[in-house]
Amino acid sequence: MAVGELSPSTKTRVYTSSQLSSLSTRLSERRLLALRRLPRSRNARVVCAVAPHQAQAQATEPEIKKKPECFGVFCLTYDLKAEDETKLWKKLINVAVSGAAGMISNHLLFKLASGEVFGPDQPIALKLLGSERSFQALEGVAMELEDSLYPLLREVSIGIDPYEVFQDAEWALLIGAKPRGPGMERSALLDINGQIFADQAKALNAVASRNVKVIVVGNPCNTNALICLKNAPDIPAKNFHALTRLDENRAKCQLALKAGVFYDKVSNVTIWGNHSTTQVPDFLNARINGLPVKEVIRDKKWLEEEFTEIVQKRGGALIQKWGRSSAASTAVSIVDAIKSLIIPPQRAIGFLQEFTRMGIHMV
């Protein structure tokens, strides 16, 4: 079969059957190409195609608020009650961690996920906050959590917007902050970190659980905890804590070394003041084997001078050795602080009356 085509010059072109088939295929491909959706930029606008003086309105695409991005296997749905081994588990808790791609979090997150902190029957959802610069590293952290196969770790979400990540958080561990470098005093960090914690506190106040427990780690932590408290008026003031527990642990260690005992024999150590070289570790109320420290350690000069200075400058001494701030011991002290809030100290150690310093005190 042949088909004739009339051209403007009145010449006739003849197509064979095979040429007609090829032509039909090319026309179809062109039609599909013409109908294909063009890629649209993320912030594209829809504007009426009329002259400027005729324009009535301009429509803007509504921005869709995304939820924090769940990661990998943690995006799967599950039913705790459907599994025999999970029937005795407690209700899932949401734990938000800022600075989740940093060194402290690298030690802490796996303790949280393993059940070491909240117990072997407490399933957990980790809500990890990072920054645009650290987001790729945050994905790496989530990958490691995924590969660790922790049964209690049921959800992991990552994001850079605190208003998304802190949604329904029951614990907020605020670690993310500019770290102190060699020769830097904590006061120099206040201008930078103060704004970070003010913004995060506003997000917690807006979207977190009304009874969220907040532990501020970024330095100067006592001041930053106060900043958080003032910027989250709808959260009980008693729920804000500064991480002076690391200083408490350091003080216990030094007293134990001087007394020649293991540090579990030291109790009731208190840290007064900010987490800085102005802090005062209190040995007057401390106990060693249940006895006042001054009855065990007779070296008054060491207690009143050297002990205080050692504890005050321990962090700086570590930075000189490591070239960076402490990370692993800070993570351990966060765990200790959380446990002290969950389990009353008297119950934790039995007959020996114990108390622990949790950070800020409002007069």
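No experiment lies behind these values; they were computed from the predicted model shown.
Atoms CD1 and CD, from Ile310 and Gln254 in turn, are 5.0 Å apart once rounded to the nearest 0.5 Å. Atom CG of residue Asn94 and atom CG of residue Asp168 lie 6.0 Å apart, to the nearest 0.5 angstrom. Taken to the nearest 0.5 Å, the NZ atom of Lys339 stands 13.0 Å off from the CD1 atom of Ile334. Summarising the geometry, atom CG belonging to Leu243 is positioned 8.5 Å from atom CG belonging to Asn219; distances are rounded to the nearest 0.5 Å. Considering CG of Leu303 and OG1 of Thr308, their distance stands at 8.5 Å, rounded to 0.5 Å. Between the OG atom of Ser326 and the CD1 atom of Ile319 there is a distance of 7.5 Å, given to the nearest 0.5 Å.
The shortest side-chain heavy-atom distance between Val216 and His241 does not fall under the 4.5 Å cut-off. Side-chain atoms of Val261 and Ile288, non-hydrogen and from C-beta on, do get closer than 4.5 Å to each other. Glu139 has its side chain within reach of Ile158: a pair of non-hydrogen atoms, C-beta onward, lies under 4.5 Å apart. Proximity of Leu173 to Val217: side-chain heavy atoms (C-beta onward) are nowhere separated by under 4.5 Å. Taking the side chain as every heavy atom from C-beta outward, Val97 and Leu174 never approach each other to under 4.5 Å. Ile235 is listed as a side-chain neighbour of Val212, based on a closest heavy-atom distance under 4.5 Å. Counting only heavy atoms from C-beta outward, the side chains of Leu126 and Leu153 approach each other to under 4.5 Å. Taking the side chain as every heavy atom from C-beta outward, Thr244 and Glu248 never approach each other to under 4.5 Å.
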Requested in this report: For Lys294 and Leu284, run side chain to side chain contact (heavy atoms under 4.5 Å, CB included): C-alpha distance rounded to whole Å, both residues' side-chain angles, the deciding distance at 0.1 Å, then the answer.
Outcome: CA-CA 7 Å; Lys294 293 180 71 173; Leu284 294 175; 3.8 Å; yes

Query raised in the report: Are Ile124 and Glu155 close enough, and set up right, to give a side chain to side chain contact (heavy atoms under 4.5 Å, CB included), and what steps lead you there?
Result: CA-CA 7 Å; Ile124 185 174; Glu155 296 176 12; over 6 Å; no

Query raised in the report: Yes or no on side chain to side chain contact (heavy atoms under 4.5 Å, CB included) for Leu226 and Asn222, after CA distance, side-chain angles and deciding distance?
Result: CA-CA 6 Å; Leu226 182 60; Asn222 295 61; over 6 Å; no

Query - Working for side chain to side chain contact (heavy atoms under 4.5 Å, CB included), residues Leu246 and Arg250 - result: CA-CA 6 Å; Leu246 178 56; Arg250 289 168 173 172; 3.4 Å; yes

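Applying the side-chain contact (heavy atoms from CB on, under 4.5 Å) criterion to Asp336, with sequence neighbours excluded, gives Arg245, Asn249, Val332. Evaluation of the side-chain contact (heavy atoms from CB on, under 4.5 Å) rule for Ile227 yields Leu190, Ala198, Thr223, Asn224, Asn231 as partners, not counting sequence neighbours. For Val141, the side-chain contact (heavy atoms from CB on, under 4.5 Å) partners two or more places apart in sequence, or in a different chain, are Leu109, Leu128, Leu145. Asn239 pairs by the side-chain hydrogen bond (donor to acceptor under 3.5 Å, both in side chains) definition with Asn211, not counting sequence neighbours. Looking at residues two or more places apart in sequence or on another chain, you find a side-chain contact (heavy atoms from CB on, under 4.5 Å) between Ala96 and Lys127, Phe166, Ala169. Contacts of Lys313 classified as side-chain hydrogen bond (donor to acceptor under 3.5 Å, both in side chains), with partners at least two apart in sequence or in another chain: Glu309. Remark: Ser134 pairs with Ser131 by the side-chain hydrogen bond (donor to acceptor under 3.5 Å, both in side chains) rule, at least two apart or across chains. The side-chain hydrogen bond (donor to acceptor under 3.5 Å, both in side chains) search around Ser148 returns none, not counting sequence neighbours.
The number of heavy-atom neighbours closer than 6.0 Å to CD of Gln136, taken from other residues, nucleotides and ligands shown, is 12 or below.
Panel note: side chain Asp121, backbone Lys90; no donor-acceptor pair is recorded below 3.5 Å. The main-chain N or O of Gln312 is never found under 3.5 Å from a side-chain atom of Gln279 such that the two would form a donor-acceptor pair. Checked by atom type and distance alone, the side chain of Asn289 never pairs as donor or acceptor with a backbone atom of Leu291 at under 3.5 Å. Judged purely by atom type and a 3.5 angstrom limit, Arg287 uses its side chain to pair as donor or acceptor with the backbone of Asn285.
Both Leu341 and Ile343 are members of a single hydrophobic cluster when ILVMFWY side chains are connected at heavy-atom separations under 4.5 Å. A continuous path of hydrophobic side-chain contacts links Leu108 to Met143 [ILVMFWY only; heavy atoms under 4.5 Å]. In terms of hydrophobic clustering, with Ile, Leu, Val, Met, Phe, Trp and Tyr side chains grouped at heavy-atom distances under 4.5 Å, Tyr150 and Ile93 are assigned to a common cluster.
Annotation: ring pair (Phe, Tyr, Trp, His ring centres under 6.0 Å) contacts involving residues 293-334, sequence neighbours excluded, comprise Trp302-Phe307. Counting only residues at least two apart or in different chains, salt bridge (charged side-chain N to carboxylate O under 4.0 Å, His left out) contacts with residues 198-225 are absent. For residues 97-125, the pairs satisfying ring pair (Phe, Tyr, Trp, His ring centres under 6.0 Å) are Phe118-Trp171, with sequence neighbours left out.
Here the closest non-hydrogen pair linking Ile271 and Ala251 is CD1-CB, 4.4 Å. Taking both residues in full, the closest heavy atoms of Leu129 and Pro162 are given as CD1-N, 3.8 Å, listed atom of the first, atom of the second, then distance. Summarising the geometry of Asn205 relative to Asp234, their closest heavy-atom pair is OD1-N, 2.8 Å, with the distance given to 0.1 Å. Across Gly218 and Phe197, no two heavy atoms sit closer than the pair CA-CZ, 3.7 Å. When all heavy atoms are compared, the tightest approach of Ala172 to Leu204 is CB-CD2, 3.8 Å. Of all heavy-atom pairs between Ser98 and Gly176, the closest is OG-N, 3.1 Å.
With 3.5 Å as the limit, one finds a donor-acceptor pair spanning the side chains of Trp272 and Asp282.
Clustering of Ile, Leu, Val, Met, Phe, Trp and Tyr by side-chain heavy atoms under 4.5 Å joins Phe262 with Tyr263.
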